[in-house]
Amino acid sequence: MPQKIRKAVFPAAGLGTRLLPATKAMPKEMLTLVDKPLIQYVVEEAAASGVESILIVTGRGKAAMEDHFDVSFELEQLLRERGKENLLKVARGVSEIARISYTRQREALGLGHAIYQGRDFVEDEPFAVMLADDIVDAERPALRQMIDVYEKYDAPVLGTMRVEGEAISRFGVIDAEEVEPGVYKIRDMVEKPKFEDAPSDLAIIGRYILTPDIFDEIERTKPGAGGEIQITDAMRKLLQKRPFYAMRLEGTRHDAGDKLGFLVATVEFALKRPDLAPQFAKYLRNLKLN
Ligand code: G1P
């Protein structure tokens with residue numbers, strides 16, 4: 001039986017430049033879809049998938065995340081005094097979702113480098129990597145879907161989705177053989193290829209199950225696309241030493257780190273909320289759009 005996935009690393013040191021000016025003084029991971037910060041959706045996905053312990057890799061100006069997942073003593077006291085039991089439960093619940101610790105990536109040297117900051121935390125266990133920009137709306141949590149595949153093949157697993165057209169060049173892309181419906185054995189992978197060079201339409205989205213031998217490969221990885229130390233390049237090297245699998249995730253992925261993606265996700269999530277959906281849908285139906 002493969003080792004249980006108990007730990008997850010959350011790279012969250014990025015500057016969020018695509019969402020400026022919103023992200024000038026606020027971490028992009030704290031932007032909210034309806035009323036919940038992006039990072040909370042992903043922490044909840046991790047917990048629902050069986051993860052017990054999370055390391056958030058932060059950077060300067062990201063302290064709001066730590067406050068968010070901490071106990072807010074004054075707020076709880078006030079809500080208790082005012083008899084607001086439901087809100088008290090909401091506030092308290094956030095600090096109880098998972099055990100979370102933090103470390104800082106002191107320089108923004110790339111996703112591979114951010115993940116490397118988790119080396120001491122991960123020790124010698126297989127672990128998950130989750131990017132808070134990628135919100136996957138799925139019946140069965142995305143990471144849980146991947147853990148099922150990991151448990152069957154006892155190997156690293158990447159979360160992927162089909163991406164049409166030129167947009168593929170914004171992703172890591174795999175070249176792979178389908179071994180069962182929706183599950184692939186990876187032959188090769190490349191970070192942000194040109195459209196004409198992309199080996200397939202299967203894009204890596206921000207969910208990974210990795211093994212601790214990745215850290216030695218990251219250490220040896222030179223800056224790649226965008227001058228950054230890319231996790232895709234480190235995985236590509238490790239692929240010469242051990243099999244890697246990928247799966248096509250079921251669900252809808254929102255790129256919440258992008259203005260349009262963020263807007264779409266906001267509308268979709270609002271329409272799923274029983275307390276908001278009827279009125280919001282009515283408003284949308286009445287919009288006069290050409
Ligand atoms: C990162 C990874 C890329 C992956 C993407 C998913 O890129 O490097 O392989 O496809 O996340 O969102 P970024 O979006 O940070 O440029």
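Each ligand, and each atom within it, is numbered from 1 in the order the structure gives.
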Using residues 211-226 as the side-chain source, report each donor-acceptor pair under 3.5 Å to any protein atom, sequence neighbours left out, with the distance given to one decimal.
residue	atom	partner	partner atom	Å
T211	OG1	D213	OD1	2.6
T211	OG1	R242	NE	3.4
D213	OD2	R242	NE	2.9
D213	OD2	R242	NH2	3.2
D216	OD1	R119	NH2	2.8
E217	OE2	R220	NH2	3.3
E217	OE2	K241	NZ	2.5
E219	OE2	Y116	OH	2.3
E219	OE2	R119	NH1	3.2
T221	OG1	E217	O	2.6

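Between the side chains of E29 and Y41, no donor N or O sits under 3.5 Å from an acceptor N or O.
Listed by chain and number, the residues in a salt bridge (Lys or Arg N to Asp or Glu O under 4.0 Å) with K259 amount to none (sequence neighbours excluded).
Other residues, nucleotides and ligands contribute more than 12 heavy atoms inside 6.0 Å of the CG atom of N286. Heavy atoms of other residues, nucleotides or ligands lying less than 6.0 angstrom from CD of E96 number more than 12.
Side-chain heavy-atom separations under 4.5 angstrom define the hydrophobic clusters, and the remaining members of the one that includes L79 are L75, L87, L88.
Contacts of ligand 1 (protein heavy-atom distance under 4.0 Å) are L111, L131, D134, F171, G172, E191, K192, I204, I205, G206, Y208, Q230, T232, R253.
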